[in-house]
Amino acid sequence: MSTELDSLYQDIILDHAKRRLNAGLREPFEAEVHHVNPTCGDEVTLRLHLEGDVVRDISYDNQGCSISTASASVMTELLVGKTVAETQPIHDAFLEMMRGKGQVEPDEDVLEDAIAFAGAAKLTARIKCALLSWMAFQDALVRAQEDSDA
Amino acid sequence: MSTELDSLYQDIILDHAKRRLNAGLREPFEAEVHHVNPTCGDEVTLRLHLEGDVVRDISYDNQGCSISTASASVMTELLVGKTVAETQPIHDAFLEMMRGKGQVEPDEDVLEDAIAFAGAAKLTARIKCALLSWMAFQDALVRAQEDSDA
Amino acid sequence: MEGLLPELDVIRKDFPILERRLDNGQQLVYLDSANTSQKPQVVIDTMVDHLERHNANIARAMHQLGAESTEAFEAARDKVAAFIGAPSRDEVIFTKNATESLNLVANTLAWATGELAIGAGDEVVITEMEHHSNIVPWQLLTQRKGATLRWFGLTDDGQLDLSNLDQLINEKTKVVSLTWVSNMLGTINPVTQIARRAHEVGAIVVVDASQAVPQLPVDVTASGADLLAFTGHKVVGPTGIGVLWGKRAVLDQLPPFHGGGEMIETVRMDVSTYAGIPHKFEAGTPPIVEAIGLGAAVDYLGHIGMKAIHAHEQAITAYALEGLATVPGLTVLGPLDATQRGGAISFELEGVHPHDIAQVLDSRGIAVRAGHHCAKPAHARFGVQSSTRMSSYLYTTPTEIDALVEGLEYTRSYFKLG
Amino acid sequence: MEGLLPELDVIRKDFPILERRLDNGQQLVYLDSANTSQKPQVVIDTMVDHLERHNANIARAMHQLGAESTEAFEAARDKVAAFIGAPSRDEVIFTKNATESLNLVANTLAWATGELAIGAGDEVVITEMEHHSNIVPWQLLTQRKGATLRWFGLTDDGQLDLSNLDQLINEKTKVVSLTWVSNMLGTINPVTQIARRAHEVGAIVVVDASQAVPQLPVDVTASGADLLAFTGHKVVGPTGIGVLWGKRAVLDQLPPFHGGGEMIETVRMDVSTYAGIPHKFEAGTPPIVEAIGLGAAVDYLGHIGMKAIHAHEQAITAYALEGLATVPGLTVLGPLDATQRGGAISFELEGVHPHDIAQVLDSRGIAVRAGHHCAKPAHARFGVQSSTRMSSYLYTTPTEIDALVEGLEYTRSYFKLG
Ligand SMILES: Cc1ncc(COP(=O)(O)O)c(C=O)c1O
Ligand SMILES: Cc1ncc(COP(=O)(O)O)c(C=O)c1O
């Protein structure tokens, strides 16, 4: 019983859920998006600030369970400072792990702390929690790039 | 097998289905109604001619199975020439028999030839066939009386 | 404990899933019955018998299987009519769920002519504690017809705020639609009182009885409703079947809902005429085996007796409210008096998100619901986004409530809350 | 006989009802599969297993039963998507039957804005051989929106009269809705050809595949349809479940259908936003166990192979057409070439009304349908009010066809026809 829970609620996750790195909404930003998990009502408002092709800031305001809030925190830690091109393999790897029904062996070199969500990938109901902020980031990125193209 | 069928298709029924007493649409009439069995599409157009409180004529044009056509024929034979008041116990007795799921013992003194439909009363799918023209008659009666009241 | 169903053990044996051991070996503790109820063996067996021996399409078929199927289907309508005290069996319409029942009403009102027609200047009144299925259809209707949607607010203890009853329901009001028992707060609303006011101003009253029919003895006439909806899967019946009851006079005035087989009188390419109720609203092959399953379900509940089931729910609810009160940091949303409420109890636990609570409980075999329970506005009213909900039914035991309370204690310790 | 399914005996053993003896001791000869098909044991068992072991509401539940139920439900969507070659699983929407699927389209079109909006001057084209479920929804839509309903006529041999294809489908046409296989005449329509013309003028194409999906290998993309409907109970699945497949681009443009649980993104009292497909169109608790049953049904059919089933149907149909031709006074309505038609064969027998035919056949255990088969206009086109229909499926044997032909001979002698 506890082992099952412990594999979900790893210390990294509980820590991030408490500290929430990069939390809060900041200026400047090129895109702001609002994503909801319709099943449970968890929400995130996320702002993305690019400088050239570098992700300079991801700021956010969210409400949700420990999995969804920790996921936002871990994500910002991983992606801020990287070039857009560098974020994509990380994003893809995270998606692949979460959608792999616990069958995908995550690559720690790419995902770093985010491998802690491998336990959530086994629980259908929690996959959306872990993905919420990642989908919001990707959406914000598309919008920011559209705007700069226009 | 045959006995079951024979109790449904009694000679009276097969005869009436062939001869169809009082068939055809005639003048004069005080009410004309059109009834349909939505399940199978069987139809009857029925005209009622009253003289005072006597049912002087019931004329009709119908399409349908032997049960529904024989029922119209038997009904007109029974009701034409009677007073409106006299038709009602016959109508009620026929309804009671048809809705009695084969449990109601029909009174031959009241129903005469119409007791032949006792076999149809046992077959859910055929009850509506037997009732089609009887419901049309009752509807026509209500309308004719409404009109004469007005 | 006073009020519990006698022979609760025997009743539990009727529900095969209650024997279920979960993947981690835990015994199932099912406290999610307001979401969907479990099914007794007799409902399952009735469905199997139909599928294995009597399956045929209804109404249209002249053969023996067709007659058997039609009789079983229509007998189910009789059973449901008797169960809710419907004055006429023809007033019972089979739908696929409560959501379809409510949408049927809102949708046909959009095309109604005469007295029931709704347009600019007209008002529809709902409440802030409705399930989304009794909010969104009315938003769509009022938006589309240029009418106005208004609603009763809630008091801090989770009751309808009736202080402005007479202003809210006024001469402009065409429809009042409200839940009898809240699926989130558990509140039992004074439906009859509100219906009286609605009828004074000539409005029709739609009652969402999705949580009432499972728990209370329901008499549609006494309720004051003109139309009343509930769903099969919450009354120990299968999914795929719901009920709309309506007064004949109202149903007759509504235009048809879906067009198709069995709802017609005659069809020509240019124009059609329609059958009378209930068929007018039952286009296409209905959920036949599901209606038959629902018939067996209401028979089962009727046999135990809705009064006895209600008493059982009240006893369990009182016991649960007591137990929950012992958990530090736990706040119940909604009325605290078990005699004034239904058996769904939503609560917050300070410092732990409902998802995380439900996850820890699940690891102990305890099934509760976490989220907004399709009642986002009611959550917003209480300043929360989601909550945890336990809900009991006729098979729930005090021991299961104990397991919940222990589970919540364990949750607190797992997340290191003092 | 060429084309029959190998191991037909084994297949028949999968269907428990085929063992059924009727009240008079007769063995069942079920020739009413176009009305509803019988269910294999695996479909029934899958449903029972779900109800006894995994029952829970979907999507909303965080617990193990909820996860199991959700996974089984969504796996059924995957199976259906694969079965009809849907480019994306999200394009598969679960409804309650084909009638609801078709009404969903007609209903949401009534409120559509932009390209799909329908109003005065616009035209909707159907055919004279449609089932009522593909006529009445379009009558309601065109009447309500002031648009015009037009239709393809039929040739004497029961084909669509395509001589005026280019006039009938013209720049005013917004929707073309037609059946793939007729449930009365058996005709297989040239859906792809008609869809090509419809797309030339910018119309959307709705295909009623209720009789096609049971009988033909169906690839939605190759069909040319934009939207396609069918019903679970005709593909050896349960009642209470239907399917609407649609191209994402079209579904995304349609407004929501019913409002309620699970179709929302967020709900406030004044306004809501909606989920993406498929959930946008699946308000309320869906027919969960029914979808799971349908998943098992298409698995079963897929395992046998739709090509093999189609060949079987053609062989049986050819044999039946031959046999029926030997009965004096019998006229088949619809195409006489088995390779050009589906397996529903409607016929007249001079001097005996269809009801009476069906009754005599029933006394011999033979189940056929008598009436208008929800296709009154097609009957009117051939100057009849009703007909008798036999329809076969993968479990039908040549011996059963022999029994029918003998039964018809007996009917003639019973009613003393020469
Ligand atoms: C061609 C056709 N379309 C539509 C339907 C309607 O299907 P359902 O009654 O399951 O909605 C049927 C069957 O009755 C049919 O044969
Ligand atoms: C109060 C209330 N109304 C409506 C519904 C909708 O029922 P269904 O999802 O079966 O349509 C529910 C249950 O989900 C409910 O609790």
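So that the names make sense, note that chain A is the first sequence line, chain B the second, and so on, each numbered from 1. On a predicted model such as this, the values are computed, not experimentally measured, just so you know.
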Give a yes or no on whether the backbone of [Y] and the side-chain of [X] come within a donor-acceptor separation of less than 3.5 Å.
X: C:T239; Y: D:V289; result: yes
X: C:Q139; Y: D:R268; result: yes
X: D:D362; Y: C:Q64; result: yes
X: D:N57; Y: C:N35; result: yes
X: C:T99; Y: D:G260; result: no
X: C:N103; Y: D:G259; result: yes
X: D:S133; Y: C:G261; result: yes

Exercise for review: Check whether any side-chain heavy atom of C:I17 sits under 4.5 Å from a side-chain heavy atom of D:L51, and report yes or no.
Suggested key: no
Review point. Heavy-atom distance under 4.5 Å between the side chains of D:D356 and C:M62, does that happen here?
Key: no
Exercise for review: Just jot down the salt bridge (Lys or Arg N to Asp or Glu O under 4.0 Å) partners of C:E282, sequence neighbours excluded, or say none.
Suggested key: C:R77
Straight-line distance of [X] [atom1] to [Y] [atom2], nearest 0.5 Å:
X: C:E290; Y: D:E290; atom1: CD; atom2: CD; result: 4.0 Å
X: D:K96; Y: C:T285; atom1: NZ; atom2: OG1; result: 10.5 Å
X: D:H63; Y: C:S363; atom1: NE2; atom2: OG; result: 14.0 Å
X: D:L149; Y: C:D270; atom1: CG; atom2: CG; result: 9.0 Å
X: C:N55; Y: D:I44; atom1: CG; atom2: CD1; result: 8.0 Å

Side chain, backbone, both or neither: which part of [X] has a non-hydrogen atom closer than 4.5 Å to chain C?
X: D:D23; value: both
X: D:E19; value: neither
X: D:H373; value: neither
X: D:L22; value: both
X: D:L361; value: neither
X: D:I126; value: side chain
X: D:I264; value: side chain
X: D:R53; value: both
X: D:T148; value: neither
X: D:A358; value: side chain
X: D:S37; value: backbone
X: D:A110; value: side chain
X: D:P354; value: neither
X: D:I135; value: side chain

Based on non-hydrogen pairs under 4.5 Å, which of [options] is most in contact with chain C?
options: D:H132, D:H372, D:M269, D:M263; value: D:M269
options: D:G232, D:A367, D:P256; value: D:A367
options: D:R150, D:Q143, D:E128, D:E100; value: D:E100
options: D:V271, D:I366, D:T142, D:D45; value: D:V271

Check your understanding: Of the non-hydrogen atoms in C:F257 and D:L140, which two are nearest, and what is the gap between them?
Key -> O-CD1, 4.2 Å
**Study point:** Heavy-atom pair with the smallest gap, counting every atom of D:C374 and C:E262
**Key:** SG-OE2, 3.9 Å
Check your understanding: Does the gap between the ring centers of D:Y30 and C:H54 come in under 6.0 Å?
Key -> no
Check your understanding: Does C:K39 come within less than 4.0 Å of D:E52, counting only side-chain N to carboxylate O?
Key -> no
Review point. Which pairs, with at least one residue in residues 372-381 of chain C and sequence neighbours excluded, count as a salt bridge (Lys or Arg N to Asp or Glu O under 4.0 Å)?
Key: C:D156-C:R381
**Study point:** Per-residue contact mode, C:E130 against chain D (heavy atom under 4.5 angstrom)
**Key:** neither
